[in-house]
Every structure is written in structure tokens, then in C-alpha cells.
S.K.: 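Just passing along the structure, written as C-alpha cells.
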Amino acid sequence: MKTYGTAHAALEGLLFDGMFIAAGGFGLCGIPELLIDAIREAGTKELMVASNNCGVDNFGLGLLLKTRQVRKMISSYVGDNAEFMRQYLSGELELEFNPQGTLAERMRAGGAGIAGFYTRTGVGTVVAEGKETKTFNGETYVLETGIVADLAIVKAWKADPSGNLVFRKTARNFNPPAATCGRVCVAEVEEIVPLGSLDPDQVHLPGIYVHRLIQGEHEKRIEQRTTRAAA
């Protein structure tokens, strides 16, 4: 595991046209915004991206949509992004819908070396079309395949020099399974602490999964701000 000074340096030698990227985050929570921006600036195109959603129109993965760098999205939610909807409906963008739990499990399975698994989720819907099914105990299950990506990009709260990661509250979301399913994982963090500072029982992702690390400043946008008048 090696620490880099910038997102661009951390991605050097990893990007190529047509690659498959697994990205952590949920909406705008816990997204690897610095690495996404570096991919945008690199101009890598024809990307296939597995992520909960595709950000919003001008932030997160939505930036890669805007520059037409994404060929296909594997997602569980596509709301709050007008450009995503426009490109999909016009046939410019391929979209593979996954139930949210199925997407998380496909990433986890890929990281664990599991080629596929059967689930009842999606049986009888468009999600199961063209997929193998099997009956267990009188119930129909659909076969889903594990995801193995060329590159995983994730965002964490803290890391130590060995790459052990701690995520902050709900920002953990898809980040751990996304990290494990990449042949190479690059993590961006808010803080790198000295080795031995993290309680081993509090580590959410062991450093064995993390190959490159950067520390940076993050914008942390609020996707849906909800307020109420003061009493």
C-alpha cells in the first residue's frame, strides 16, 4: 500500500478506455469525489461503472455523465439526475438495474471470490429477464453474478499508513463492498493517522484490500437539505 499526494498521482497507470469501475457512496454521501474528478480530467472514456447511483447533474459521478465518459451504469437508483435520465431515455447510455441489496451483495461476492449466488429478489420482474433461475424448497430464485471491477474507488473518514479504513456513520454504505471487488482499490480519506492509532475492533475495512491511498479536502455536499422553522 502506498500513499500519494494527489488523486491524479494515485490513479497513474490504472486508467484505460473501456474499463470497469466500482465506486463507493450512496447518493452524494461517502462518494470518492476527488478520484471521480481526476478520472474526469484524465478523459478516460467508454467506462462501465457499478455504483448505487450516478451522483447529481454537476457533482460526483454526474460529472462523468456530463462529459460523456460513461458507456454503462450498473445501479440501484437513478433519480435526482436529469442528465442520467435524458441519456438513458435517448439510448445514449446503457443501464443495468439492480435491486439495492443485490448490487451490494454482487460487489461483496466478487470481493470474496464467489462467482454467483441465488436470490429471490427480483424474481418475476424485469430484473430476472434472461437470467438463470432455480427452485429451492418450492421457491424460485434468480442467479446473480459477483462483480469484479478493474478499479475500485472509495472514500473513508480515517486511514492509517497500512490502509486500514474507518468510515463515518452512514458514509460507510457501499464503500466496503465496492473496495473489495476491485482488482486495485484506491481510497481517498479525510485524515491519515499514525500506525497503531486505530482500534483494531473499529476498523471497517482491512488494509489488505487497499492498494493506494490519498488524503484530501472534501466538499461534502448535502443532496437533499430539509429544514424546519425555528420554534
S.K.: Using the ring of Phe167 (Phe, Tyr or Trp, six-membered ring only), decide whether Lys169 places NZ or CZ under 6.0 Å from its centre and within 45 degrees of its axis.
M.R.: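 Lys169 over Phe167 ring: no.
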S.K.: Between Lys72 and Glu96, does at least one N-O distance fall below 4.0 Å, as a salt bridge requires?
M.R.: yes
S.K.: Please walk me through it: do His211 and Val186 pass side-chain contact (heavy atoms from CB on, under 4.5 Å)?
M.R.: CA-CA 6 Å; His211 302 87; Val186 182; over 6 Å; no
S.K.: Over all heavy atoms of both residues, which pair between Ala159 and Leu165 is shortest? Give the atoms and the distance, please.
M.R.: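 Shortest heavy-atom contact: CB-CD2, 3.5 Å.
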S.K.: Could you tell me the separation between the CD1 atom of Ile153 and the CZ atom of Arg212, rounded to the nearest 0.5 Å?
M.R.: 13.5 Å
S.K.: Less than 4.5 Å apart, any side-chain heavy atom of Val70 and any of Leu61?
M.R.: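 Result no, sub-4.5 Å side-chain heavy-atom pair not found.
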S.K.: What pair of heavy atoms forms the shortest contact from Ala128 to Gly122, and how long is it?
M.R.: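 Answer, listing the atom of Ala128 first, then Gly122: CB-O, 3.4 Å.
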S.K.: Might you point out which heavy atoms bring Thr44 and Gln69 nearest each other, and give the distance in Å?
M.R.: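 That would be O-NE2, 2.8 Å.
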S.K.: Would you compute the distance between atom OG1 of Thr3 and atom CG of Leu213 and round it to the nearest 0.5 angstrom?
M.R.: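 Answer rounded to 0.5 Å: 4.5 Å.
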S.K.: In the single-linkage hydrophobic clustering (I, L, V, M, F, W, Y; side-chain heavy atoms under 4.5 Å), do Leu47 and Leu14 co-cluster?
M.R.: yes
S.K.: Could you walk me through whether Val78 and Asn53 satisfy the side-chain contact (heavy atoms from CB on, under 4.5 Å) test, starting with their C-alpha distance in whole Å, then the side-chain angles of each, then the deciding distance to 0.1 Å, before giving a yes or no?
M.R.: CA-CA 5 Å; Val78 298; Asn53 75 345; over 6 Å; no
S.K.: Specify the closest pair of heavy atoms between Ala82 and Asp57, including all atoms of both residues, with the distance to one decimal.
M.R.: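 Heavy-atom minimum between the residues: N-OD1, 3.1 Å.
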S.K.: Any sub-3.5 Å donor-acceptor pair from Glu188's side-chain atoms to Leu34's backbone N or O?
M.R.: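 The answer is yes, because a donor-acceptor pair under 3.5 Å joins these two groups.
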S.K.: Taking atom OG of Ser90 and atom CD of Glu83, what is their separation to the nearest 0.5 Å?
M.R.: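 If I round to the nearest 0.5 Å, the distance is 8.0 Å.
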S.K.: Among Ile, Leu, Val, Met, Phe, Trp and Tyr joined by side-chain contacts under 4.5 Å, find the other residues sharing a cluster with Val142 and list them by chain and number.
M.R.: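 Listed partners: Val123.
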S.K.: According to a 4.5 Å side-chain heavy-atom criterion applied to Ile, Leu, Val, Met, Phe, Trp and Tyr, with indirect links allowed, do Ile208 and Val203 form part of one hydrophobic cluster?
M.R.: no
S.K.: Would you kindly confirm whether Ile31 and Leu35 end up in one hydrophobic cluster when ILVMFWY residues are joined by side chain heavy atoms under 4.5 Å apart?
M.R.: no
S.K.: Less than 4.5 Å apart, any side-chain heavy atom of Glu94 and any of Met73?
M.R.: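 No, every pair of side-chain atoms sits at 4.5 Å or beyond.
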S.K.: Around Lys2, counting heavy atoms of other residues, nucleotides and ligands shown, do more than 12 lie under 6.0 Å from its NZ?
M.R.: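 Count not over threshold, so no.
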S.K.: Does Leu143 form a side-chain contact (heavy atoms from CB on, under 4.5 Å) with Thr133? I'd like the steps, not just the answer.
M.R.: CA-CA 6 Å; Leu143 177 65; Thr133 60; over 6 Å; no
S.K.: Supply the atom-to-atom distance Asn175 CG to Trp157 CH2, rounded to the nearest 0.5 angstrom.
M.R.: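 Rounded to the nearest 0.5 Å, the CG-CH2 separation comes out at 14.5 Å.
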S.K.: Shared ILVMFWY cluster between Val49 and Leu103, side chains joined below 4.5 angstrom?
M.R.: no
S.K.: I need the minimum non-hydrogen distance between Ala10 and Ile214, along with the two atoms involved.
M.R.: CB-CG2, 3.5 Å
S.K.: Test Lys66 against Asn58 for side chain to side chain donor-acceptor pair (under 3.5 Å), laying out the working first.
M.R.: CA-CA 8 Å; Lys66 187 175 181 180; Asn58 292 300; 3.1 Å; yes
S.K.: Just jot down the salt bridge (Lys or Arg N to Asp or Glu O under 4.0 Å) partners of Arg168, sequence neighbours excluded, or say none.
M.R.: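 In terms of salt bridge (Lys or Arg N to Asp or Glu O under 4.0 Å), with neighbours along the sequence ignored, Arg168 is linked to no residue.
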S.K.: Does anything in residues 8-17 pair up under side-chain hydrogen bond (donor to acceptor under 3.5 Å, both in side chains), and if so which pairs, sequence neighbours excluded?
M.R.: His8-Glu41, Asp17-Lys45
S.K.: Does the side chain of Pro99 reach to within under 4.5 Å of the side chain of Val127, using non-hydrogen atoms?
M.R.: yes
S.K.: Taking salt bridge (charged side-chain N to carboxylate O under 4.0 Å, His left out) as the cut-off, I'd like each qualifying pair that reaches into residues 110-130, sequence neighbours left out, listed once.
M.R.: Arg120-Glu139
S.K.: According to side-chain contact (heavy atoms from CB on, under 4.5 Å), who are the partners of Thr145, at least two apart in sequence or on a separate chain?
M.R.: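 With sequence neighbours excluded, Thr145 shows a side-chain contact (heavy atoms from CB on, under 4.5 Å) to Arg106, given in chain and number order.
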S.K.: Enter the distance from Ser76:OG to Phe97:CZ here, rounded to the nearest 0.5 Å.
M.R.: 9.0 Å
S.K.: Does the distance from a Lys or Arg side-chain N to an Asp or Glu carboxylate O, for Lys131 and Glu144, drop under 4.0 Å?
M.R.: yes
S.K.: Which other residues belong to the hydrophobic cluster containing Ile114, where Ile, Leu, Val, Met, Phe, Trp and Tyr are joined when side-chain heavy atoms lie under 4.5 Å apart, directly or via other members?
M.R.: none
S.K.: Who passes ring-ring contact (aromatic ring centres under 6.0 Å, His included) against Tyr141, sequence neighbours left out?
M.R.: Phe136
S.K.: Between Ile192 and Asp160, does the side-chain contact (heavy atoms from CB on, under 4.5 Å) criterion hold? Intermediate values first, please.
M.R.: CA-CA 5 Å; Ile192 299 177; Asp160 66 17; 5.9 Å; no
S.K.: Looking at residues at least two apart in the chain, or sitting in another chain, which of them share a salt bridge (Lys or Arg N to Asp or Glu O under 4.0 Å) with Glu219?
M.R.: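 Applying salt bridge (Lys or Arg N to Asp or Glu O under 4.0 Å) to Glu219 gives Arg221.
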S.K.: Which heavy atom of Asn98 sits nearest to which heavy atom of Ile74, and what is that distance?
M.R.: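 Heavy atoms of Asn98 and Ile74 come nearest at ND2-CG2, 4.0 Å.
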S.K.: According to salt bridge (charged side-chain N to carboxylate O under 4.0 Å, His left out), does anything in residues 21-38 pair up with another residue at least two apart or in another chain? List the pairs.
M.R.: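 Salt bridge (charged side-chain N to carboxylate O under 4.0 Å, His left out) check on residues 21-38 returns Asp37-Arg40.
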S.K.: If we only count heavy atoms from C-beta on, is the Arg183 to Val148 side-chain gap below 4.5 Å?
M.R.: yes
S.K.: Looking only at atom types and distance, does a side-chain atom of Ser51 sit under 3.5 Å from a main-chain N or O of Cys54, one as donor and one as acceptor?
M.R.: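 No; judged by distance alone, with no hydrogens or angles, the pair does not exist.
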S.K.: Report, one line per pair, each donor and acceptor closer than 3.5 Å where one atom sits in a side chain of residues 19-29; sequence neighbours left out.
M.R.:
none

S.K.: Would you say that Leu151 contacts Leu11 through its side chain, given a criterion of any heavy-atom pair below 4.5 Å between the two side chains?
M.R.: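 They are in side-chain contact.
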S.K.: Can you check whether Glu190 reaches Glu217 side chain to side chain, under 4.5 Å on heavy atoms?
M.R.: no
S.K.: Can you pull the ring-ring contact (aromatic ring centres under 6.0 Å, His included) pairs that have at least one residue in residues 51-79, sequence neighbours excluded?
M.R.: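 Listed by first then second residue: nothing to list.
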S.K.: Would you indicate whether the side-chain heavy atoms of Phe84 and Leu95 approach each other to under 4.5 Å?
M.R.: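 With C-beta onward as the side chain, the pair touches.
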S.K.: Check the hydrophobic clustering (I, L, V, M, F, W, Y; side-chain heavy atoms under 4.5 Å; chains of links allowed) and say if Val189 and Tyr4 are grouped together.
M.R.: no
S.K.: Please tell me if the side chains of Ile39 and Leu15 come closer than 4.5 Å, counting only heavy atoms from C-beta onward.
M.R.: yes
S.K.: Keeping to residues at least two apart or across chains, list the side-chain hydrogen bond (donor to acceptor under 3.5 Å, both in side chains) pairs with something in residues 192-209.
M.R.: Arg172-His204
